[in-house]
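Residue numbers start from 1 in every chain, and the chains themselves are labelled A, B, ... in the order their sequence lines are given, proteins ahead of strands. Computed from a prediction, not measured in an experiment: that's the story for all the values here.
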Number of protein chains: 2
Amino acid sequence: MAGPRPTIKDVAALAGVSKSLVSLAMRGSDRVAPASAAAIQSAANQLGYRPNAAARSLADRRSNTIGVLVQDLHNPISAEIIDGVQRQVRASGYHTMLVTGSEDAALEQSEIEKLLEFQVEGLVVIGHRMPAGVRDAITGDCPTVIITRAESEIAGLDSISNNDIAGARMAVDYLHGLGHRAIAHVTGGDNQVARMRKSGYEEAMNSYGLAKNIACYEGAFTDEGGYRGTSAALDSKHQHSAVFVANDLAAVGALAAVADRGLVVPKDVSIIGYDGMALGGLRSIGLTTIAQPLASMGEDAAALLFQRINDPGRLPVHIELEPSLVIRNSTGAYLG
Amino acid sequence: MAGPRPTIKDVAALAGVSKSLVSLAMRGSDRVAPASAAAIQSAANQLGYRPNAAARSLADRRSNTIGVLVQDLHNPISAEIIDGVQRQVRASGYHTMLVTGSEDAALEQSEIEKLLEFQVEGLVVIGHRMPAGVRDAITGDCPTVIITRAESEIAGLDSISNNDIAGARMAVDYLHGLGHRAIAHVTGGDNQVARMRKSGYEEAMNSYGLAKNIACYEGAFTDEGGYRGTSAALDSKHQHSAVFVANDLAAVGALAAVADRGLVVPKDVSIIGYDGMALGGLRSIGLTTIAQPLASMGEDAAALLFQRINDPGRLPVHIELEPSLVIRNSTGAYLG
DNA sequence: ACGCTTTATTGGACCGTTCCAATTTTCAAG
DNA sequence: CTTGAAAATTGGAACGGTCCAATAAAGCGT
């Protein structure tokens, strides 16, 4: 059965019709006589014919494909967002082409390049960084939505995020309400989202007159980063009774740092994360967190993208959703 | 700047050369005079030219693309395997097109169909199920490697897995060595990998003369499945002092089930998982497990794929790696 | 049986590349 | 200069589909 794959011509020859008719039949047109349709169908099956997407997309001048760039596949929230994106994209009759980014900016750039060469009709970026290539994509007329990061100034770019400042404040409010005063923050590194969460933290602390208690420890949006930052916090001379960690993945690392020091959560120290990843909900982790509506953010992003595809000229939209507090077992009253 | 994207013809016109020469130049041929190369380069930049992958792949009759089907993106080990696959694929000058499967077999089938329509030159399947479409793919001459599941009989299909039976035995050996006798197993559902782990468990129990203690509880390869199965185990009249859970994700669910009953790990009950996902290594989870070399499995899989692409006729290869025991805090001596 | 409309079918141009054989240009040697 | 070989460039035929205008076949009322 080796040899070149059968083409539309082979099917036409076997069915004894023209390739145009096969083309029509394959796409389920109702202008094909039932008898012909049957003959074509059977010829196609017999040969194991499968249309060539490259040829089709060339002739059509559309790929029917949406590109998705996931910057951090290791963060479980990516999977949850992707689910939402996929669901919506499929519902619209398109399909997705997924690529993963990485810390290596050049590599990420070239992945985007590849997507564009494939003539994707839209681009969804999931992550907090804004890769250089995205800017080109947009000016090159490829509708783009970025999830997780707010972006308003750029024409042609829609974005969808949650209100990180409000979320961070919410975290501090909650801890403050539990009686905590020495509340530390483990940051998420050098990116817009992390900066907003940090400034929400600072604002809230200030508003409670706790400016002198503000203490930020450098971390990252990874388990390892959370471990590192929280270790620094706990080893400092300040007696932090609570730590607001930049995201859930890092917060799991934070829990590890606490455990490593023989301390107990939430008796000795309270930990609160951010994101609302599903895994954090398991009782064995039981992470209190500020949750984003991940799946629906994915869906909304895709919906936004299709809106723009249908109306390229429309003004950039930025949707900001409100996060919500999810209380679990990693936080408790200050027992000072 | 709207309008149709520039094509190779536009570049040729602007640079004052033929499209053939532009084609050559874009691919960095050394048969192009330096002066022309420069002119072409600058024309291309000026127009923002980007080659059309569909046209290229049509003319070339090769897509330079490897398709990857990930059956369960929510399991963190998927990301670890994908990393390995991507690294190797990139090193070979190809790129990957990732799609996600799901419980819905029809949907998964159609995702594979899409990959094949894109004329991917190879297929990597990550997961324990063997989707119907894969069989077609193989007989349709698309080299395929399946990761995580052993497969030997099918021509044209390579596979790479770990020795699940030995791994499961290893888990029981270890627990037995700690003094446990009433060792329960929470299964991973109805698939080959889960069945092998189960039979490894049974064999080991038998070899210790513990046949009457064999107790399997139905679970799944998800946190929820582990929670459910372990709950059933703990609520049963048998006094299980240890539970071997089918995979790490489920084991995290198992830890939750234990915690929910006010029991403490490992004092009251020991939990051991399977897979070696990175997250399990965090001290806050501290999951003892049977680890697979995930990233290198991904790399090896891709390497295998390229071997086959270069030599389509070669016999199917099955690589089986040995898993290793990683001891952390979820297991301890029997204190009964 | 006759036009006339409707329904089926077809050939060929085109989509944006690559490849190849053929042509033009360049250049060193005689 | 001429000449032949090497280097640079080119036109046009693929690749496997879709689309459109044109043609062929069927149906239908009188």
Side-chain angles (χ1 to χ4, degrees), chain A residues 3-41 43-44 47-65 113-114 116-121 140-141, chain B residues 3-41 43-44 47-65 113-114 116-121 140-141:
Chain A
R5 302 210 195 303
T7 76
I8 200 171
K9 258 188 204 158
D10 302 316
V11 177
L14 183 57
V17 298
S18 72
K19 64 182 169 50
S20 306
L21 197 58
V22 175
S23 173
L24 284 189
M26 291 309 294
R27 283 169 298 157
S29 160
D30 56 346
R31 317 179 59 76
V32 180
S36 315
I40 291 171
Q41 199 44 258
L47 294 173
Y49 169 70
R50 210 191 309 280
N52 179 323
R56 194 206 296 267
S57 116
L58 185 56
D60 266 1
R61 249 147 315 174
R62 52 194 305 266
S63 61
N64 224 261
T65 300
E113 209 71 28
K114 281 301 174 201
L116 296 175
E117 289 181 10
F118 264 99
Q119 314 292 112
V120 294
E121 294 178 46
D141 289 317
Chain B
R5 302 212 195 303
T7 76
I8 201 172
K9 258 189 205 158
D10 302 316
V11 177
L14 182 58
V17 297
S18 73
K19 64 184 170 45
S20 307
L21 196 58
V22 176
S23 172
L24 247 6
M26 291 311 293
R27 283 168 299 155
S29 161
D30 56 346
R31 318 179 59 78
V32 180
S36 315
I40 292 171
Q41 200 43 258
L47 293 173
Y49 169 72
R50 209 190 311 277
N52 179 324
R56 191 204 296 263
S57 115
L58 185 57
D60 265 1
R61 248 147 316 173
R62 51 194 306 265
S63 61
N64 225 259
T65 300
E113 209 71 28
K114 282 301 175 201
L116 295 175
E117 289 182 9
F118 264 99
Q119 315 292 111
V120 294
E121 295 177 45
D141 289 317

* Asked: Of A/Ser20, A/Ser18, A/Ser23, which is the lone residue that meets side chain to side chain contact (heavy atoms under 4.5 Å, CB included) with A/Ile8?
  ->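 Exactly one option meets the side chain to side chain contact (heavy atoms under 4.5 Å, CB included) with A/Ile8, and it is A/Ser23.
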Using a 4.0 Å heavy-atom cut-off across all strands, classify [X] as base, sugar-phosphate, or nothing.
X: B/Ser57; result: nothing
X: B/Thr7; result: sugar-phosphate
X: A/Lys19; result: base

* **Of B/Ala55 and B/Asp30, the one whose closest DNA chain D nucleotide lies more 5'** =>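 Here B/Asp30 is the residue nearer the 5' end.
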* Asked: Closest nucleotide of DNA chain D for B/Ala59 versus for B/Pro34: which of these residues is on the 5' side?
  -> B/Pro34
Taking only side-chain N and O atoms of [X], does any of them lie within less than 4.0 angstrom of OP1 or OP2 on [N]?
X: B/Arg27; N: C/dT18; answer: yes
X: A/Arg56; N: D/dT18; answer: yes
X: A/Ser20; N: C/dT10; answer: no

Rounded to whole Å, how long is the line connecting atom [atom1] of [X] with atom [atom2] of [N]?
X: A/Asp60; N: C/dC14; atom1: CG; atom2: P; answer: 17 Å
X: A/Glu117; N: C/dC15; atom1: CD; atom2: P; answer: 20 Å
X: B/Asn52; N: D/dC15; atom1: CG; atom2: P; answer: 18 Å
X: A/Arg50; N: D/dG17; atom1: CZ; atom2: P; answer: 12 Å
X: A/Leu21; N: D/dA24; atom1: CG; atom2: C1'; answer: 13 Å
X: B/Arg31; N: D/dA6; atom1: CZ; atom2: P; answer: 12 Å
X: A/Phe118; N: C/dG16; atom1: CZ; atom2: C1'; answer: 15 Å
X: A/Arg61; N: C/dC14; atom1: CZ; atom2: C1'; answer: 8 Å

* Specify the residue among B/Pro6 and A/Ser36 whose closest nucleotide of DNA chain C lies further upstream toward the 5′ end. =>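 In this pair, the answer is A/Ser36.
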* Which pair of non-hydrogen atoms, one from A/Asp10 and one from A/Arg5, has the smallest distance, and what is that distance? -> OD2-O, 4.4 Å
* Taking every non-hydrogen atom, the tightest pair across A/Ala44 and A/Val11 -> N-CG1, 4.0 Å
* Asked: Of the nucleotides D/dT9, C/dT10, D/dT18, which one has an atom closest to the side chain of B/Ser18?
  -> D/dT9
* To do: Taking only the side-chain heavy atoms of A/Leu24 (C-beta and beyond), determine which of C/dT9, C/dT18, D/dT9 contains the nearest atom.
  =>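 Nucleotide nearest to A/Leu24's side chain: C/dT9.
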* Asked: Between the main-chain N or O of A/Arg61 and the side-chain N or O of A/Gln119, is there a donor-acceptor pair closer than 3.5 Å?
  ->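 Between the backbone of A/Arg61 and the side chain of A/Gln119 there is no qualifying donor-acceptor contact (under 3.5 Å).
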* Hey, is the main chain of A/Arg62 close enough, under 3.5 Å, to the side chain of A/Asp60 for a donor-acceptor pair? -> no
